[in-house]
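Scroll down for the structure; my scribbles are underneath it.
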Amino acid sequence: MIERFRLELRKQPWLVHVAAILGLLLLFAVPLGHAVGLLTTQYTYVGGRAVPSYRKTSFAAAYRQVLRERAAQEADLVMLQKQVPEPSRQAAIDLLRRIEAPLRRQDFLQVNRLTLAALKQTPAISDNRYLGDFLEDSRDSHNTTRWEMTTKRLQVYVDHHINALLTIDAATSATVAVYRVLARYGTYPYKWAYINNHRQDFYKLSPGTALLWIFLCYAALTLALAFSYDQRAGTASLMRITPVSELTTALIRGATGLALIAASLLVLLGGALAVNALLPGHRLGTLAYPLVVVSHSSAQVYPVWQYYMSTALVLGAWAVLLSGVAFLASLFVRNIIGMGALCALSFALVPLHVLDVFPENVQHLMPASYTNPPAMFAQAYQFHATQPADAYRVLLVWAAVAWLAGAAVLRLRTRRSGPWLN
């Protein structure tokens, strides 16, 4: 069996794998370059003057900004306290003074501990009128939610003994920069109308991000080339007389292709993190960096590595589905262009506007609806009631249908042609 895996490895389109990894890294590098400030081709015009939308921020610059904001915030609060004394404002002043020494010696863990203790003792100081935004990067307008977000995120850094500040990590860490590239999903065009005195929104499905589409095209092309190799090389008849059944051969071929695609994903994420971490003034950061989801005035916190894993699982589910489609297509089509087109139909229904003819509840049962994982994870627009488990379920069920259909076709073909072809 190991020899069969080795044989399938030799049949893999290695040039396509290498080209895809390089292409994905380059495609990833453009928005990543914007995020870290290396590329400043996007501008906002203020008073006829072009201001870069992205600014390069280093650890040293972010740290100096924190020191300045702490001193400025303390001075403002002391002045206000003299005019209108408030217990919560005095508690904020005391906190700002206590964290000055550990902040100057870059003992950020102690800063987080002191801040967390003060917030638990006096929740009112979480109001941005007292502490501003220099300790963490959340700007929720609801004070109760802001306190919950701040305390939960600080608790993660304290529990994991992470010597860093949330606001500095948000500006300079590789883990956050890569997350922001993966989480960018753009906007959705939509129309609205009042029906029975109720506003009804009609969203047009977005085809997804360029990064995902390049990955889908790469996976479809790779698997189509792998499953059509014997037909193109003229070795299909030879493979049928081997002791291993055609279905087993197809399973080994699919598993080999999926393993290489998974390895390409790991290289992509690892390469993006490494390149960003090696930039001057930047750090790798922590994979425990807490992301926040606010639902019904309550904040849930989860680590950034979970977002990476969820994205990889969706892409992996897509690859499994495409392997089943490529296997089924290889039983009917011998032309590589035709096989690639059939594989592409599984995710190209959105830009072809085929899904527009179906109601929304039916669209969510089609794999093509899940070509935009960032919007789905953010539960934006038509994904407001969609969970990641829904995408995994739909993609894997369709993958099982494709593989079972291919196995049934092989079974019927074998019974009709004779056992010597098995």
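Values below: all heavy atoms of this structure, side chains included; hydrogens, waters and symmetry mates excluded. No experiment lies behind these values; they were computed from the predicted model shown.
- With hydrogens and angles left out, the side-chain atoms of Tyr63 and Ser58 include no donor and acceptor closer than 3.5 Å.
- Although no hydrogens or angles enter the test, the distance criterion places a donor-acceptor pair under 3.5 Å between the side chain of Ser369 and the main chain of Gln363.
- A side-chain donor-acceptor contact under 3.5 Å links Arg89 to the backbone of Val84.
- The backbone N or O of Ala124 lies less than 3.5 Å from no partner atom in the side chain of Thr122, so there is not a single donor-acceptor pair.
- Note that the CZ atom of Phe215 and the CG atom of Leu322 stand 8.0 Å from one another [nearest 0.5 Å].
- The one candidate from Leu328, Val333, Ile337 that meets the side chain to side chain contact (heavy atoms under 4.5 Å, CB included) condition with Leu342 is Val333.
- Side-chain contact check for Glu100 versus Leu103: every heavy-atom pair is 4.5 Å or farther apart.
- Between the side chain of Arg153 and the backbone N or O of Val292, no donor-acceptor pair lies under 3.5 Å.
- With rounding to the nearest 0.5 angstrom, the CZ atom of Phe227 is 7.5 Å from the CE atom of Met339.
- Within 6.0 Å of atom CZ in Arg105, more than 12 heavy atoms from other residues, nucleotides or ligands are found, so the atom counts as buried in its surroundings.
- With rounding to the nearest 0.5 angstrom, the CD1 atom of Ile99 is 11.0 Å from the CZ atom of Arg104.
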Practice problem: Start with the C-alpha distance between Tyr370 and Thr386, add both sets of side-chain angles, then the distance that settles side chain to side chain donor-acceptor pair (under 3.5 Å), and finish with yes or no. | Solution: CA-CA 10 Å; Tyr370 301 98; Thr386 304; 5.5 Å; no
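- The number of heavy-atom neighbours closer than 6.0 Å to CG of Leu15, taken from other residues, nucleotides and ligands shown, is 12 or below.
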Self-check item: Candidate pair Trp305 and Tyr289, rule ring pair (Phe, Tyr, Trp, His ring centres under 6.0 Å), full reasoning
Solution: CA-CA 8 Å; Trp305 65 261; Tyr289 179 84; over 10 Å; no
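- Within 6.0 Å of the CH2 atom in Trp403, the count of heavy atoms belonging to other residues, nucleotides or ligands exceeds 12.
- A donor-acceptor pair under 3.5 Å is formed between the side chain of Arg146 and the backbone N or O of Ser126.
- For Asn112 (side chain) and Ala164 (main-chain N/O), a donor-acceptor pair under 3.5 Å exists by modelled atom type.
- Here the side chain of Arg70 pairs a donor or acceptor atom with the backbone of Leu96 at under 3.5 angstrom.
- In this structure, the separation between CG on Leu395 and OG on Ser346 is 9.5 Å, given to the nearest 0.5 Å.
- With Phe59 as the aromatic partner, Arg283 meets the cation-pi criteria of under 6.0 angstrom to the ring centre and within 45 degrees of the ring axis.
- In this structure a side-chain-to-backbone donor-acceptor pair under 3.5 Å is present from Tyr308 to Thr175.
- Gln81 places a side-chain N or O within donor-acceptor distance of the main-chain N or O of Glu86, the cut-off being under 3.5 Å.
- Between atom CG of residue Leu165 and atom OG of residue Ser173 there is a gap of 12.0 Å, rounded to the nearest 0.5 Å.
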Quiz prompt | CA sep, side-chain torsions, deciding dist, call: Gln65, Glu69, side chain to side chain donor-acceptor pair (under 3.5 Å) | solution = CA-CA 6 Å; Gln65 181 67 19; Glu69 289 191 9; 2.9 Å; yes
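- Trp213 contributes no side-chain N or O that, together with a main-chain N or O of Phe347, makes up a donor-acceptor pair within less than 3.5 Å.
- When each of Asn163, Thr115, Leu166 is checked for a side chain to side chain contact (heavy atoms under 4.5 Å, CB included) with Tyr157, only Leu166 meets the rule.
- Atom CD of Gln155 sits about 11.0 Å away from atom CG of Leu119, to the nearest 0.5 Å.
- Annotation: side chain of Arg113 is not in contact with side chain of Leu116 (no heavy-atom distance under 4.5 Å).
- Residues Leu109 and Ile162 have side chains not in contact (no heavy-atom distance under 4.5 Å, counting atoms from C-beta outward).
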